[in-house]
Structures are given as structure tokens and as C-alpha cells.
Amino acid sequence: MRVVSYNIHKGVGNDRRYQLDRIVDVIRDTGADVVCLQEVDFNLRRCNFDDQPRLLAAALGEVGEHSLFQLNVKRRGGGYGNLILSRWPVHTAHDVPLQYGRLRERAAQMAVVEGPLGPVRLVNWHLGLLEV
């Protein structure tokens with residue numbers, strides 16, 4: 001089983017262009033079976049109000065067959081968070097708050113993926129760069 005973790009920075013590259021197709025190409029090139037993504041947008045202007053969890057799952061086909069989205073930072077009808085995509089069923093999902101003081105909302109996704117050799121426990125999270 002190949003598991004990949006990737007902070008997609010809301011689909012914006014180093015050239016500051018929003019282009020979700022580039023993210024899909026990178027993920028495909030990894031040959032991943034399970035993908036843990038961070039900074040995935042949902043219904044925000046900066047991403048043309050796209051539903052990135054749905055678009056990524058659809059674009060990745062078999063790898064996106066099972067998905068689990070966790071909205072961590074809420075913004076006017078949308079926000080961003082973590083996304084697990086898997087070619088195998090995802091079971092026993094839990095959200096774990098990682099909030100620290102007044103810093104930006106953070107949380108971890110804990111899930112069990114039912115892989116071909118049995119269950120695999122995953123934790124997908126995104127932490128800030130600020131040292132505390």
C-alpha cells in the first residue's frame with residue numbers, strides 16, 4: 001500500500017496560479033493507493049467556489065473512490081481542511097481537535113482504511129509553522 005501526504009496549498013502553485021489539474025497530475029504520478037491532503041478548499045472565492053474534495057475524488061478515479069473531508073477553518077459558506085482519498089473503504093473516522101489558544105483552528109482526521117492486507121490506521125493533520 002502506497003500512502004502519500006500532500007499539502008496542496010488550496011490548489012495554488014509557486015507561480016500563484018490556481019490550477020487543480022496540476023495537483024491531480026502529481027498525485028497520479030505517485031501511484032498512491034491512499035492520499036492524505038491538507039489545505040483543501042471548499043466553496044471559497046480564491047478557488048472559484050470549487051468543491052475541491054468532490055473534484056479531486058472524481059478526477060483521481062479509483063484512488064478517490066472513498067473520501068473523507070474534514071472542514072477545519074470555516075469561512076463564509078465554505079472553508080478549508082483535510083481530505084483522505086482511498087481506493088479502499090474508509091472506516092472508523094474521527095475528528096480530533098488540535099486547537100491551541102487563539103491560533104488558527106486545527107484538527108486531525110483519524111481513520112481506518114480497509115486495505116487488501118487488513119486494516120490500516122491513518123492520521124491526517126496540518127500544523128502551523130508558528131513555534132509555541
Practice task
Verify the cluster assignment for V3 and Y6: are they in a single hydrophobic cluster under the rule of side-chain heavy atoms below 4.5 Å apart?
Solution key: no

Exercise for the section: Kindly work out whether a path of hydrophobic side-chain contacts (I/L/V/M/F/W/Y, heavy atoms less than 4.5 Å apart) joins F49 to Y80. Expected result: no

Handout entry: Hydrophobic cluster identity match, V35 and I8, side-chain contacts under 4.5 Å
Key = yes

Practice task
Look at the side chain of N82 and the backbone N and O of A108, then say whether any donor-acceptor pair between them is shorter than 3.5 Å.
Solution key: no

Exercise for the section: May I have the step-by-step check of salt bridge (charged side-chain N to carboxylate O under 4.0 Å, His left out) for R22 and D15, ending in yes or no? Expected result: CA-CA 12 Å; R22 295 188 293 190; D15 58 4; 2.8 Å; yes

Exercise for the section: Taking all heavy atoms of V34 and all of S86, pick out the closest pair and write down the distance. Expected result: CG2-OG, 3.8 Å

Fill in the blank from the handout: In short, R106 meets H126 closest at the heavy-atom pair NH1-ND1, 2.8 Å

Practice task
To the nearest 0.5 angstrom, please state how far the CG atom of N7 sits from the SG atom of C36.
Solution key: 12.5 Å

Problem - Listed partners of D50 passing salt bridge (charged side-chain N to carboxylate O under 4.0 Å, His left out), at least two apart - result: none

Under 3.5 Å, sequence neighbours excluded: what are the donor-acceptor pairs made by side chains of residues 56-66?
residue: E62; atom: OE2; partner: R87; partner atom: NH1; Å: 2.7

Problem - Reported CD-to-CG distance for the pair E39 and L83, which is rounded to 0.5 angstrom - result: 13.0 Å

Problem - Shared hydrophobic cluster, L71 / V90 (ILVMFWY, side-chain heavy atoms < 4.5 Å) - result: no

Problem - W88 side chain near P116 side chain, heavy-atom distance below 4.5 Å - result: yes

Exercise for the section: Flag yes if more than 12 heavy atoms outside W125 fall under 6.0 Å of its CH2 atom; otherwise flag no. Expected result: no

Practice task
Please tell me if the side chains of V40 and Q70 come closer than 4.5 Å, counting only heavy atoms from C-beta onward.
Solution key: no

Exercise for the section: Inspect the contact between D21 and R28 and indicate whether a charged nitrogen and a carboxylate oxygen are less than 4.0 angstrom apart. Expected result: no

Practice task
Taking the six-membered ring of Y18 (Phe, Tyr or Trp), confirm whether the NZ or CZ of K10 is under 6.0 Å from its centre and within 45° of its axis.
Solution key: no

Handout entry: Shared hydrophobic cluster for M1 and V4 (ILVMFWY, side-chain gaps under 4.5 Å)
Key = no

Handout entry: D33 side chain vs R2 backbone, donor-acceptor pair below 3.5 Å
Key = yes

Exercise for the section: Please round to the nearest 0.5 Å and tell me the distance separating atom CG of N124 and atom CE of M110. Expected result: 11.5 Å

Handout entry: F69 CZ to F42 CZ distance, which is reported to the nearest 0.5 Å
Key = 7.5 Å

Problem - Closest heavy-atom pair and its distance - G11, I23 - result: CA-CG1, 4.2 Å

Handout entry: Exercise: identify the closest heavy-atom pair between G78 and L44
Key = C-CD2, 4.1 Å

Practice task
Sequence neighbours left out, what passes salt bridge (charged side-chain N to carboxylate O under 4.0 Å, His left out) with R76? Give chain and number order.
Solution key: none

Practice task
Measure across A111 and L68 and return the closest heavy-atom pair with its distance rounded to 0.1 Å.
Solution key: CB-CD2, 4.1 Å

Exercise for the section: Give, for atom CG of N48 and atom CG of L20, the distance between the pair rounded to the nearest 0.5 Å. Expected result: 10.0 Å

Handout entry: Inter-residue atom distance I84.CD1 - L37.CG, 0.5 Å rounding
Key = 9.5 Å

Practice task
Of all the heavy-atom pairs spanning Q38 and S5, show the shortest one and how long it is.
Solution key: NE2-OG, 3.2 Å

Practice task
Report yes if some heavy atom in the side chain of P119 is under 4.5 Å from a heavy atom in the side chain of V113; otherwise report no.
Solution key: no

